[in-house]
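Report on one structure; see the data block that follows.
All values below come from the heavy atoms of this structure, side chains included, with hydrogens, waters and symmetry mates left out.
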Amino acid sequence: MAGLTWSTSLNSDMTFTDVSDLTDFTDFIGEVLGLEIVELHAFISSRGNEYFCEIDEEYLTDRFNLTGLQTEVHYYQHALDLITDVFDLDCEDDMRETIEKSARHLYGLVHARYIVTTRGLSKMVIGWFDDVSSSALTLCVQVDKFKKSDFGKCPRVHCESQPLLPMGLSDIPYQKSVKLYCARCEDIYNPKSSRHAQIDGAYFGASFHNILFQVYPALIPQKSRRRYEPRIFGFRVHASAALARWQAEERVEMRRRLKESGAAIDTSKLFIEDAAGEDSEAHDDGTREAAVAEQAVDIGAAR
């Protein structure tokens with residue numbers, strides 16, 4: 001949360017590098033304006049959950065948005081109450097831990113639906129923001145999540161630190177962990193942090209990054225045409241050398257598989273190259289025999 005900037009109508013910028021300073025300031029502004037400023041959800045602010053955005057309470061309380069999730073989450077109602085901060089069940093620690101786990105899972109499933117909405121897309125790009133207005137002061141907090149590379153930077157050298165986006169390889173939970181997509185090289189990578197690598201990819205879905213670039217085409221970077229070229233002492237390695245090595249390995253592998261399968265095939269004549277080699281050897285043998293015969297004729301004539 002470092003580097004949050006609060007802009008006011010008084011044309012002054014106040015930057016806070018500590019979350020505690022930010023909390024004190026929001027409390028102070030709330031007292032001045034007589035308004036309540038809601039803090040970020042504890043789930044979002046905890047370490048390892050930086051990829052998530054805060055879901056609007058209106059979206060969470062709309063039953064239509066939660067259709068079908070009742071059968072996906074254990075203790076669904078208790079988990080939803082915990083997320084919306086109305087949980088008042090007096091239970092044992094083990095039971096509460098189970099409900100909290102279900103609440104995290106429910107939040108992730110709802111998150112996958114929320115981030116493909118107009119509001120959710122803007123939060124994943126711009127970040128989180130609160131607006132509090134009065135005649136004396138206008139308060140606005142914005143963090144550009146995408147451009148500040150909150151999700152990470154592409155490790156590929158020729159992508160020049162292109163910001164990444166979280167994505168899932170499947171929309172079904174418990175299938176694949178979250179991956180990071182680079183729009184410049186159009187490839188995916190694993191998160192660096194072990195905390196992020198444990199996040200279920202279904203919490204972001206397989207369509208989010210594609211929808212985002214359809215809605216915000218200005219964010220699509222120019223494709224990188226630069227490619228690494230292997231060189232030896234400054235000279236490029238010819239592509240045919242790699243092709244020849246690959247073909248040789250494939251021929252060896254094919255012979256091995258045929259031999260293991262017991263196929264009655266003469267593997268020595270399996271490839272065109274082998275036949276060409278035999279023709280060449282036969283031609284050489286014929287040439288040598290003709291030369292020997294010619295030499296014998298010359299010796300007989302000399303006698």
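A distance below 6.0 Å separates the ring centres of Phe204 and Phe52. A distance below 6.0 Å separates the ring centres of His105 and Tyr174. Taking the six-membered ring for Trp, His209 and Tyr181 have ring centres closer than 6.0 Å. Aromatic rings from His158 and Tyr228 are positioned such that their centres are separated by 6.0 Å or more.
More than 12 heavy atoms of other residues, nucleotides or ligands shown are found within 6.0 angstrom of CD on Gln77.
Annotation for Tyr114 and Glu54: closest pair CE2-O, 3.8 Å, computed over non-hydrogen atoms. Minimum interatomic distance between Pro166 and Val178 (heavy atoms only, all atoms of both residues): CB-CG2, 4.0 Å.
Under the 4.0 Å criterion applied to side-chain N and carboxylate O atoms, Arg96 and Glu92 are not assigned as salt-bridge partners. Using a 4.0 Å cut-off between a side-chain N of Lys or Arg and a carboxylate O of Asp or Glu, Arg256 and Glu253 qualify as a salt bridge. Ion pairing of Lys176 with Asp200 is absent here, as no side-chain N (NZ or NE/NH1/NH2) approaches a carboxylate O to less than 4.0 Å. Looking at Arg245 and Glu250, no side-chain N of the basic residue comes within less than 4.0 Å of a carboxylate O on the acidic one, giving no salt bridge.
Distance alone, capped at 3.5 Å, places no donor-acceptor pair between the Arg63 side chain and the Leu60 backbone. Under the 3.5 Å distance criterion, the side-chain polar atoms of Thr117 are left unmatched by any main-chain donor or acceptor of Arg113. Between the side chain of Asp62 and the backbone N or O of Phe64, at least one donor-acceptor pair lies under 3.5 Å.
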Run Leu109 and Glu72 through side chain to side chain contact (heavy atoms under 4.5 Å, CB included) and show every step you take.
CA-CA 9 Å; Leu109 296 178; Glu72 297 285 339; 4.0 Å; yes
Set out, in order, the CA-CA distance, both residues' side-chain angles and the distance that settles side chain to side chain contact (heavy atoms under 4.5 Å, CB included) for Cys182 and Asp187, then state yes or no.
CA-CA 6 Å; Cys182 175; Asp187 209 345; 5.7 Å; no
Start with the C-alpha gap between Tyr51 and Asp150, add the side-chain angles, then the distance that decides, and say whether side-chain hydrogen bond (donor to acceptor under 3.5 Å, both in side chains) holds.
CA-CA 8 Å; Tyr51 287 179; Asp150 283 3; over 6 Å; no
Begin from the C-alpha positions of Glu50 and Arg195 and carry the test salt bridge (Lys or Arg N to Asp or Glu O under 4.0 Å) through to its verdict.
CA-CA 10 Å; Glu50 294 85 359; Arg195 292 189 181 90; over 6 Å; no
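Under the 4.5 Å side-chain heavy-atom criterion for Ile, Leu, Val, Met, Phe, Trp and Tyr, Ile220 and Ile188 are members of the same hydrophobic cluster.
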